[in-house]
Amino acid sequence: MMEQEELYDMIVVGAGPAGCTAAKFAADAGLNVLLLERMKLPREKSCSGFLIQKSVRFIEQHYGNMPENVFCKPENTSGFILTNEDGKEFRFESPGFNIWRGAFDKWLAEKAEDAGAVVADNSFVTNIAETESKYLNVFLNNGAVFKTKYAVICEGTVGNLKNKITAHQGYKNEKIITYQTFCRGSVRLDPKFFYAFLQAEFSEYDAWVNFKDDLIIFGVAVENAEKIQRYHQKFELFLKSEYGLSVLEIVKEEKWLMPKILPECRKDTVYGRILFAGEAAGFLNPMGEGISSAFITGKAAAYSVKTALEAENMPPARLKEIYEKEIEPEYNYMLRQWKLIGGMSARFFQQL
Ligand SMILES: Cc1cc2nc3c(=O)[nH]c(=O)nc-3n(C[C@H](O)[C@H](O)[C@H](O)COP(=O)(O)OP(=O)(O)OC[C@H]3O[C@@H](n4cnc5c(N)ncnc54)[C@H](O)[C@@H]3O)c2cc1C
């Protein structure tokens, strides 16, 4: 076991939007921060890459202008169009950006590094445990152990630390499987919009279409992995008959996970001196939009740790209070979003 000498104020696990933002804000505030990412950066993350206006505003205010390589075409998006189980269309027009997640998240990590955080990719965290000296030990799969006063887990849906840490609570962190194909071809849909379809025959959750450069991407979300191909084929047939989809070539297939959000929207915030942010905290908006919440909860986690460090020996219950107060508006926003979708699709809301 490789013991590292340095004691960090805060170690962040996961260099997605939540982790990079937590690391950046904490480093900006003068904290000694280590950001650990299990993959080599830039890493792939299955995502439609739609930045809604709320995300764009956060980026403009806190990160500045994005570099060219982050964008894909069409760079400017117009919103999303939802079709419910009865075929009724709801249109939400709101300007946003279309980005590649690999390049985008790498840029966010560079911003955290510019602020003074140490960023270590290829660093897989296997566990986090309290020590007798009231610090946390952060264990890596290569045998290294880092010491920190606080840890912020931003592992997204794919991580397993949350399961380990919250196991005693008896909760099951349920997940949904997403499957999407990237195709060359044509379809009679506007590339500036994200399209969501809630008809039960296409998915157990939602089915969608979006566009990146010259690629048409369409996918489905299911709970039962065995049903993925069947739903995807039905959805493809529907797109062919309703919107003239013509697939010339399938360039890529992608499977991923999403948290299964239930109507009460359970959140996980603070366990001792470990905080959760982003999807790991349970934040995801309907239609799978999660980047804006990742930003807001990551920033709130950094603020809460900074406040706890200033107070010295702050009881965990007080830290939880501070963090939950910070993220309350975002949590209420998420509840409102799920209610809004519930009003548009009884089927979608009932099955959650
Ligand atoms: C198919 C699909 C489409 C989506 N489309 C959109 C969209 O268009 N717009 C939008 O806003 N949201 C979208 N989302 C949701 C969005 O991707 C997530 O909500 C967002 O990425 C959450 O950010 P995060 O920082 O919490 O986690 P992530 O972005 O998932 O980052 C977690 C990071 O932690 C790392 N990690 C995990 N475990 C460990 C470990 N043990 N040690 C070290 N590192 C670890 C992972 O490698 C990863 O880099 C989509 C999701 C899916 C699946």
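Counting starts at 1 for both ligands and their atoms, following the listed order. Below, each value reflects all heavy atoms present in this structure, side chains not excepted, and no hydrogens, waters or symmetry copies.
- R91 forms a cation-pi arrangement with F193, by the criterion of a distance under 6.0 Å to the ring centre and an angle within 45° of the ring axis.
- In this structure, F71 has its ring center closer than 6.0 angstrom to the ring center of F97.
- Aromatic pair Y63/W107: centroids less than 6.0 angstrom apart.
- Protein neighbours of ligand 1 below 4.0 Å, counting non-hydrogen atoms: V13, G14, A15, G16, P17, A18, L36, E37, R38, M39, R43, K45, S46, C47, S48, G49, F50, R101, S123, F124, V125, C154, E155, G156, G159, T178, W256, L257, M258, G278, E279, L284, G288, E289, G290, I291, A294.
- Taking the six-membered ring wherever Trp is involved, the centroid distance between the rings of F238 and F197 falls below 6.0 Å.
- Heavy-atom neighbours of Y135 OH from other residues, nucleotides or ligands within 6.0 Å: at or below the threshold of 12.
- Ring pair F218/Y195: centre-to-centre distance not below 6.0 Å.
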